Visitor: 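Just passing along the structure, written as structure tokens.
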Amino acid sequence: MSTLTEVRIAAVGDIHLGEDVRGEYRKRLEGIEERADVLMLAGDLTRHGTLEEGRVVADELRDLPIPVVAVLGNHDYHSDLQHEIAGELRDAGVMVLDDDGVVVECGGTKLGVVGGKGFGGGFAGKCASEFGEREIKDFVAHTRYIAESWKMALKETQADRRVVLSHYSPIKETLEGEPLEIYPFLGSYLLAEAVDTAGADLILHGHAHKGTEKGLTPGGIRVRNVALPVLGKAYAVYCLECGE
Ligand SMILES: [Fe+2]
Ligand SMILES: [Fe+2]
């Protein structure tokens, strides 16, 4: 006989912390262990990607009573200190994804989390293509490389349920509210195509502060834009049912 358990995923992106708000986000995480089994952070944790800001983020998340998985966002890359910021987060106990995956134990359920920052390029029919100047080809090839890495990581991840954690969006529906002109810089359909091929239960992203929370990939996978300004709260909680 099989029964169903529930995995509760707290998620937020774009917390954009700085030294002037030290200690404030931590207060908003109080009691999170009663509401969620894991916390996922969808990038843009800092404002300008400085090491000082990275350390503020690491301190806010240090030794939380539930596992924390994070990806970085474009702001966290701004000072070319992304590796150092990831290092500070890892020292604080945060699992930082870089186009790879981890498996987190959540009350007997193996939860696979795959992802990374992601990148742009636009959406089917309205996207950049690998044509013309070397710089444009490199731009699209970079997103394609990331999408391929996620597809492989999803295929290799042995877990009961799988979540993709990204900063950039895989679909345009969760960008609704943003100016159409900047869609190519907010995400890429190649990310959704990869996840639809490999399969997952949920995709979380941030980056689109003026976007919309809910959408679906063409393959029917739930997508949630968890950018803090979209949620209007410290984090949202999404449930996955898991057979045992
Ligand atoms: Fe942001
Ligand atoms: Fe961003």
Side-chain angles (χ1 to χ4, degrees), residues 10-22 24-25 28-29 39-58 60-61 68-86 88-89 94 96-99 115-123 127-128 139-140 142-143 146-147 150 164-192 195 203-215 223-236:
V12 66
D14 304 270
I15 55 176
H16 288 291
L17 299 185
E19 291 173 276
D20 57 326
V21 292
R22 189 182 287 280
E24 287 181 19
Y25 192 67
R28 301 178 74 183
L29 296 175
L39 171 63
M40 300 199 189
L41 297 162
D44 274 4
L45 310 178
T46 66
R47 293 172 191 163
H48 296 100
T50 65
L51 201 50
E52 292 71 23
E53 290 175 346
R55 285 182 180 138
V56 170
V57 177
E60 302 296 285
L61 301 171
V68 183
V69 187
V71 298
L72 300 185
N74 56 315
H75 282 245
D76 308 318
Y77 273 61
H78 183 65
S79 301
D80 286 323
L81 292 170
Q82 59 270 21
H83 300 299
E84 289 79 356
I85 291 172
E88 293 286 337
L89 292 172
V94 177
V96 183
L97 300 180
D98 188 12
D99 300 330
K117 181 177 58 60
F119 204 46
F123 299 90
C127 56
F139 178 43
V140 179
H142 183 57
T143 308
I146 289 168
W150 293 6
V164 172
L165 183 59
S166 171
H167 183 59
Y168 284 76
S169 177
I171 61 168
K172 61 177 193 273
E173 285 73 15
T174 48
L175 303 181
E176 226 177 289
E178 294 281 2
L180 276 173
E181 291 83 354
I182 66 167
Y183 275 26
F185 303 102
L186 296 178
S188 166
Y189 78 104
L190 294 172
L191 304 174
V195 179
I203 306 176
L204 302 167
H205 76 85
H207 194 39
H209 292 206
K210 295 181 188 140
T212 300
E213 184 186 0
K214 296 179 180 179
V223 180
R224 297 292 180 261
N225 174 2
V226 296
L228 192 138
V230 171
L231 298 179
K233 54 187 174 184
Y235 54 84

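Counting starts at 1 for both ligands and their atoms, in listed order. None of the values given here were measured: they were computed from a predicted structure.
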Visitor: Any chance NZ of Lys117 has more than 12 other-residue heavy atoms, nucleotides or ligands included, within less than 6.0 Å?
Guide: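 Correct, the count exceeds 12.
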Visitor: Using only atom types and a distance under 3.5 Å, with no angle test, would you say the side chain of Asp76 pairs donor to acceptor with the backbone of Leu45?
Guide: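 Between the backbone of Leu45 and the side chain of Asp76 there is a qualifying donor-acceptor contact (under 3.5 Å).
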Visitor: Using a distance threshold of 2.8 Å, what protein N/O/S atoms lie below it relative to the Fe ion (ligand 2)?
Guide: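 Protein N, O or S atoms closer than 2.8 Å to the Fe ion (ligand 2): Asp44 OD2, Asn74 OD1, His167 NE2, His207 ND1.
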Visitor: Listed by chain and number, what are the side-chain contact (heavy atoms from CB on, under 4.5 Å) partners of Glu173, not counting sequence neighbours?
Guide: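 Scan of Glu173 (side-chain contact (heavy atoms from CB on, under 4.5 Å), adjacent residues dropped) gives Ile171.
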Visitor: Go through the structure and list residues passing side-chain contact (heavy atoms from CB on, under 4.5 Å) with Asn74, not counting sequence neighbours.
Guide: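 Listed in chain order: Asp44, His167, Tyr168, His207.
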Visitor: Is it the case that more than 12 heavy atoms not belonging to Glu176 sit under 6.0 Å from its CD atom?
Guide: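 Count not over threshold, so no.
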Visitor: Restricting to side-chain contact (heavy atoms from CB on, under 4.5 Å), what partner residues turn up for Ala10, sequence neighbours left out?
Guide: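 With neighbours one apart ignored, the set is Ile32, Ala36, Leu39, Tyr235, Val237.
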